[in-house]
Amino acid sequence: KHILYGGMIASLMDCHGAGTAAAAKARELGIEMRPGEMPRFVTASLNVDYQSPTPLGAEVELRARVDEIKWRKVTVTVTLSTEKGLHAKGQLIMVQLREE
């Protein structure tokens, strides 16, 4: 069928979640958001609930919301949708890398 592979959806959510966590942490720390100077994050947990098949060729929209910032850990919710509605929702725990 002509549907987007679930692993690609998880990968998109992972990348979007890391960027969202970095932006939220930079804001919290008062750091100006510039490429190469943002806090870096890795994924500790990624849970994706697939709601419906995502059609290939459709424009997808990812939206992320920071649920909690606790020291080096940022919890993020990411949704993926098209004009046909919500297709997947992800819960991510992102951990800031130490600057060592």
Close side-chain approach of Val78 to Thr20, heavy-atom, < 4.5 Å: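 Of all side-chain heavy-atom pairs linking Thr20 with Val78, none is under 4.5 Å.
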Is any side-chain heavy atom of Val74 less than 4.5 Å from a side-chain heavy atom of Gln96?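 Not in contact.
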For Glu68, check side-chain contact (heavy atoms from CB on, under 4.5 Å) against everything at least two apart and list the hits. Lys70, Thr75
According to a 4.5 Å side-chain heavy-atom criterion applied to Ile, Leu, Val, Met, Phe, Trp and Tyr, with indirect links allowed, do [X] and [Y] form part of one hydrophobic cluster?
{"X": "Ile93", "Y": "Val66", "answer": "no"}
{"X": "Leu97", "Y": "Ile69", "answer": "no"}
{"X": "Ile3", "Y": "Val60", "answer": "no"}
{"X": "Tyr5", "Y": "Leu86", "answer": "no"}

Contact list for residues 44-59, test side-chain hydrogen bond (donor to acceptor under 3.5 Å, both in side chains), sequence neighbours left out: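 Residue pairs with at least one partner in residues 44-59: Ser52-His87.
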Within 6.0 Å of CZ in Arg63, more than 12 heavy atoms from elsewhere: no
Donor-acceptor pair, distance only, cut-off 3.5 Å: does the side chain of Lys25 make one with the backbone of Trp71?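 Indeed, once roles are kept as given, a pair shorter than 3.5 Å links the two residues.
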Determine yes or no for a side-chain-to-main-chain donor-acceptor pair under 3.5 angstrom, with Ser11 supplying the side chain and Gly7 the backbone. no
Result for side-chain contact (heavy atoms from CB on, under 4.5 Å) between Met13 and one of Thr43, Thr79, Val76, Val48 points to Val48
Measure across Asp14 and Leu92 and return the closest heavy-atom pair with its distance rounded to 0.1 Å.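 Reported closest heavy-atom pair: CA-CD2, 3.8 Å.
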Could you report the tightest heavy-atom contact between Pro39 and Ala22, atom names first, then the distance?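 Heavy atoms only, the tightest pair is O-CB, 3.2 Å.
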Salt bridge (charged side-chain N to carboxylate O under 4.0 Å, His left out) involving Arg65 - partner list, sequence neighbours excluded: Asp67
Taken to the nearest 0.5 Å, the spacing of Thr82 OG1 from Leu56 CG works out to 11.5 Å
